[in-house]
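Report on one structure; see the data block that follows.
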Amino acid sequence: MAAKKEKIGVLFAAFEAVPFLKTGGLGDVAGSLPKALKKEGYDVRVVLPKVWAIPEKYRAKMTHLADFYFPLSWRSVYCGIETYTYKGITYYFIDNEYYFKRDGIYGYFDEGERMAYFSKAICEIIPYLPDFDCRILHCHDWHTALAPVYLRECYRGQGIYEKIRTVFTVHNLKFQGQMSEYVMGDIIGLQDCPAAVSQLRINHDAVNFMKGALSYSDMISTVSPSYAQEIQNPFYGEHLERIFQRRWQSLWGILNGIDTDVYDPAKDKYIAANYSAEDPHDKKLCKLALQREFNLEENETIPVVIMIGRLTQQKGLDLVSCIVDEMLELPIHLIILGTGDAEYENMLRETEYRHQDKMRLCLTFDEKLSHRMYAGGDVLLMPSLFEPCGLTQMIAMRYGTLPLVRETGGLKDSVSYYNEYTGEGTGFGFANYNAHEMLFAMKGIVGLFANEPEVWRKLLIQAMQQDFSWDHAAKTYDAMYKEVLK
Ligand code: ADP
């Protein structure tokens with residue numbers, strides 16, 4: 001049945017992917033979407049950088065495939081290819097210790113050069129990949145954004161490159177890779193290519209990697225239908241809205257899924273008790289265990305509000321800082337897990353100090369704790385200023401933790417808001433980026449939790465019954481790939 005698709009090779013390129021590396025939603029998506037596309041009949045392989053943050057247990061299992069040098073501007077740079085097959089997907093790791101053997105993952109002074117190197121290496125390795133007929137190069141976020149540019153400007157017309165089509169997916173438009181225009185020649189090496197210069201340049205004196213990908217890729221996508229619309233407007237477009245307007249016919253909005261094997265309250269080994277939509281009774285054991293773990297009053301009747309994610313402006317921390325004290329006057333527990341901007345971390349530290357009986361703050365990245373919180377929470381607060389997709393609210397719903405979200409982007413597309421007349425819904429929403437609107441919604445939720453336990457139970461079950469698997473998204477990616485190969 002899928003025979004004709006079996007041969008179509010898709011090379012996924014991202015800077016992070018679960019289980020090797022994850023700092024946010026990109027890692028989840030690059031880790032789980034290839035599996036779903038494989039089920040659709042594609043030969044999907046994934047290329048990642050061999051950064052030293054990848055746990056040693058994986059690095060030790062990688063085998064050497066090839067090595068060579070290639071030109072990057074005036075440099076001749078080393079490129080090793082290591083490979084490892086994990087759960088049926090073949091991964092290729094680009095090895096260059098100068099760029100990738102560092103303590104951290106992102107945020108270095110030479111980020112432009114690292115990502116230019118990575119993008120060009122993605123193109124360079126293609127002829128070395130065994131038994132692979134690469135027809136689609138699918139790049140994710142700005143770290144890989146120069147790959148479609150290089151592919152067209154440096155490799156066009158050369159053998160196997162000729163038939164490769166490019167897709168670029170925007171996971172976060174906030175990070176575009178903006179550099180001084182000096183990188184055009186000294187780093188990127190495309191200063192003598194007028195098309196590249198004009199497509200990459202912004203404001204006469206800067207270069208924008210993502211702008212290049214958006215202009216050069218055959219197809220572009222982002223991670224929810226609503227966000228695909230929103231980014232065509234200046235408020236959400238981060239100064240690239242004109243490109244999205246111009247390319248609207250090639251712009252797809254495809255809602256992410258989550259890995260329903262990893263996030264499964266019925267099987268999750270990290271949580272105190274397992275439960276399911278059919279029998280959610282033991283969720284309360286997870287809640288009591290969470291309250292105990294954090295030395296909060298063990299009390300089923302107090303709703304536990306959780307927040308998990310980056311503590312940044314995007315995630316609505318300005319709203320939280322405005323009303324957190326008023327919110328903590330409500331009979332709730334508030335547990336926050338995340339890292340981010342110092343101003344928000346400090347604000348939350350001080351708030352925790354003032355509300356030691358009600359609030360806990362964990363300024364760290366802790367995957368296992370996040371599972372315990374998803375299972376033990378009652379409400380997830382996610383008041384994002386903008387949200388391309390958001391996975392946190394989907395994971396929360398899968399664990400029967402009802403999200404309160406601002407109605408934007410992927411939050412709008414994944415949460416159905418409680419309707420008090422019909423009883424329908426899987427969470428709650430508020431429309432405007434307004435702290436008191438959020439507080440008002442939270443008050444209503446706390447009232448509902450206290451006074452309508454049957455309604456709450458029904459909502460919890462409805463949330464858990466939602467299908468957040470990748471199946472639907474994979475079918476839409478399949479349609480997009482067919483379109484790009486036409
Ligand atoms: P982002 O914009 O950061 O990609 P998403 O909601 O799309 O946000 O995805 C965030 C992912 O990262 C979720 O899987 C969430 O559970 C996880 N995550 C975020 N912060 C933390 C943290 N501090 N500890 C553990 N997991 C986290």
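First listed ligand is number 1; within each ligand, the first listed atom is number 1.
- The aromatic rings of Tyr399 and Tyr275 lie perpendicular to each other, with more than 60° between the two planes, well past the 30° mark.
- The protein residues lying under 4.0 angstrom from ligand 1, judged by non-hydrogen atoms, are Lys22, Gly24, Gly25, Asp28, Tyr263, Ile308, Gly309, Arg310, Lys315, Leu337, Gly338, Thr364, Phe365, Asp366, Glu367, Ser370, Tyr374, Met382, Gly390, Leu391, Thr392, Ile395.
- Screening Glu300, His333, Arg360 for a side-chain hydrogen bond (donor to acceptor under 3.5 Å, both in side chains) with Gln291, the sole residue that qualifies is His333.
- Of all heavy-atom pairs spanning Ser224 and Asp413, the tightest one is CB-OD2, 3.4 Å.
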**Study point:** Derivation of the ring-ring contact (aromatic ring centres under 6.0 Å, His included) call for Tyr263 and His371
**Key:** CA-CA 8 Å; Tyr263 299 109; His371 285 239; 5.1 Å; yes
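- Relative orientation of the Tyr84 and Tyr58 rings is tilted, given thresholds of 30° and 60° on the angle between their planes.
- Classified by interplanar angle (parallel below 30°, tilted 30° to 60°, perpendicular above 60°), the ring pair Tyr236/Tyr227 is perpendicular.
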